[in-house]
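For reference, the structure is listed below as structure tokens.
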Amino acid sequence: MSAKKSPTENADSVVVIGLGRFGGSVASSLVRLGHDVLGIDENAETVQHWADQLTHVVQADATSSDVLRQLGVKDFARAVVGIGSDLEASVLTVLALEELGVPDIWAKATSVKHGRILERTGAHHVVYPEAAMGERVAHLVTGKMIDFIEFDDGFAIAKTGAPKEAWGKTLSESALRSKYGVTVIALKQTRADLTYAKADTIVEPGDQLIVAGTAALVETFAALT
């Protein structure tokens with residue numbers, strides 16, 4: 001085992017199992033977004049590669065619930081299983097996480113059949129990603145964004161909760177664009193259809209906003225919720 005430092009056990013900590021193209025992309029994106037990440041992989045070279053980039057990295061067999069328990073994985077609110085090529089290891093890892101009671105399990109699937117097995121085994125979210133989707137999944141895993149799409153030129157669109165400073169105010173009064181550099185395109189209220197945003201649109205607690213801007217500014221804005 002090798003490590004950088006122990007992760008903080010809080011809602012912002014995520015365990016990522018399998019640090020290949022997808023898992024590594026998700027893990028590095030989570031760290032860049034300010035989250036503590038425990039990375040687990042069976043390959044010593046892979047662990048060494050990520051040792052200085054993630055909060056904590058260990059070489060271990062993640063298919064064993066006993067091993068995961070010893071690593072403190074049961075204390076994490078979220079887990080991402082990036083294992084894709086080894087179907088058995090993928091399924092057994094999800095099962096081990098489910099046995100530990102991890103409340104939010106995300107798993108990579110390489111086929112529809114694989115995905116169905118993962119869902120039945122205990123995965124709460126199944127993704128069928130290309131490596132480029134790691135960034136998007138990282139945003140969704142943290143719960144700060146409900147959806148996130150980044151384009152090649154660095155422009156992004158995201159659905160996120162409305163910050164408290166905007167509650168009870170019109171978009172003109174809260175001046176979110178001038179403060180944070182993002183444009184509110186639309187607003188989704190509870191039990192209501194999506195509506196295009198206007199200057200006099202009033203934002204209420206629980207509302208969801210569709211915002212656009214550079215990826216960095218959208219990430220910063222989403223972190224306010």
Stepwise side-chain hydrogen bond (donor to acceptor under 3.5 Å, both in side chains) check, Thr63 with Asp61:
CA-CA 6 Å; Thr63 64; Asp61 177 10; 2.6 Å; yes

Are Leu71 and Val15 side-chain neighbours, meaning at least one heavy-atom pair lies under 4.5 Å?
no

Working to the nearest 0.5 angstrom, can you tell me the gap between Glu42 CD and Ile83 CD1?
7.5 Å

Which atom pair, heavy atoms only, marks the closest approach of Val102 to Ala79?
CG1-CB, 4.0 Å

Should Leu92 and Leu100 be regarded as members of a common hydrophobic cluster, given that ILVMFWY residues are connected when their side-chain heavy atoms come within less than 4.5 Å of each other, either directly or indirectly?
no

Joint hydrophobic cluster, Val203 plus Leu224, side-chain heavy atoms closer than 4.5 Å:
yes

So, the side chain of Gln70 versus the backbone of Val67: is there a donor-acceptor pair under 3.5 Å, distance only?
no

Check for a donor-acceptor pair, side chain of Lys113 on one end and backbone N or O of Ile117 on the other, with a separation under 3.5 Å.
no

Any side-chain heavy-atom pair of Asp36 and Val14 under 4.5 Å:
no

What one should report as the nearest heavy-atom pair of Phe22 and Gly82 is CD2-CA, 3.9 Å

Say you draw a straight line from OG1 of Thr183 to CZ of Phe221; how long is it, rounded to the nearest 0.5 Å?
10.5 Å

What I'd like to find out is whether the side chain of Ile157 reaches to under 4.5 Å of the side chain of Val211, using heavy atoms alone.
no

Do Asp104 and His125 have side-chain N/O donor and acceptor atoms under 3.5 Å apart?
yes

Are Leu87 and His114 close enough, and set up right, to give a side-chain contact (heavy atoms from CB on, under 4.5 Å), and what steps lead you there?
CA-CA 7 Å; Leu87 178 61; His114 182 189; 3.0 Å; yes

All heavy atoms of Val94 vs all of Ala123, minimum pair found to be CG1-N, 3.5 Å

If you round to the nearest 0.5 Å, how far is CD1 of Ile105 from CD1 of Ile17?
9.0 Å

Nearest 0.5 Å, please: how far is NZ in Lys169 from CD in Glu204?
12.5 Å

Passing option when Ile210 is tested against Leu187, Thr160, Leu194 for side-chain contact (heavy atoms from CB on, under 4.5 Å):
Leu194

Has Thr170 got a side-chain atom pairing as donor or acceptor with Asp200's backbone, closer than 3.5 angstrom?
no

Any donor-acceptor pair under 3.5 Å linking the side chain of His49 with the backbone of Glu45?
no

What do the steps show when you test Val182 against Thr220 for side-chain contact (heavy atoms from CB on, under 4.5 Å), and what is the final call?
CA-CA 10 Å; Val182 298; Thr220 299; over 6 Å; no

With the side chain counted from C-beta on, respond yes when Lys188 and Thr195 share a heavy-atom pair under 4.5 Å apart, and no when they do not.
no

So, taking the atom named NZ in Lys74 and the one named CD in Glu99, what distance separates them when rounded to the nearest 0.5 Å?
14.5 Å

Closest heavy-atom contact between Val81 and Ser90?
CG1-O, 4.3 Å

Among Val47, Leu38, Leu30, Leu19, which one satisfies side-chain contact (heavy atoms from CB on, under 4.5 Å) with Leu54?
Leu19

Using atom types as modelled and distance alone, determine if a side-chain donor or acceptor of Trp167 lies under 3.5 Å from a backbone N or O of Ala162.
yes

Arg32 versus Glu219: any side-chain heavy-atom pair under 4.5 Å?
yes

Does Ser28 reach the main-chain N or O of Gly24 with its side chain, forming a donor-acceptor pair under 3.5 Å?
yes

If you count heavy atoms of other groups shown closer than 6.0 angstrom to CZ of Arg116, is the number above 12?
no

Spacing of CD belonging to Gln59 relative to OG1 belonging to Thr46, to within rounding of 0.5 Å
9.0 Å

With a 4.5 Å limit on heavy-atom distance, are the side chains of Ile202 and Leu171 in contact?
no

Flag the pair Val127 / Trp106 as yes when at least one side-chain heavy-atom distance between them is below 4.5 Å, and no otherwise.
yes

Looking at Lys164, I want to see if its NZ is surrounded by more than 12 non-hydrogen atoms of other residues, nucleotides or ligands under 6.0 Å.
no

I need the minimum non-hydrogen distance between Ala156 and Ala215, along with the two atoms involved.
CB-CA, 3.8 Å

Do the side chain of Thr201 and the main chain of Ala197 share a donor and acceptor less than 3.5 angstrom apart?
no

In terms of heavy-atom contacts, Ala62 and Leu68 come closest through O-CD1, 3.4 Å

Test Val16 against Ile40 for side-chain contact (heavy atoms from CB on, under 4.5 Å), laying out the working first.
CA-CA 6 Å; Val16 179; Ile40 302 175; over 6 Å; no

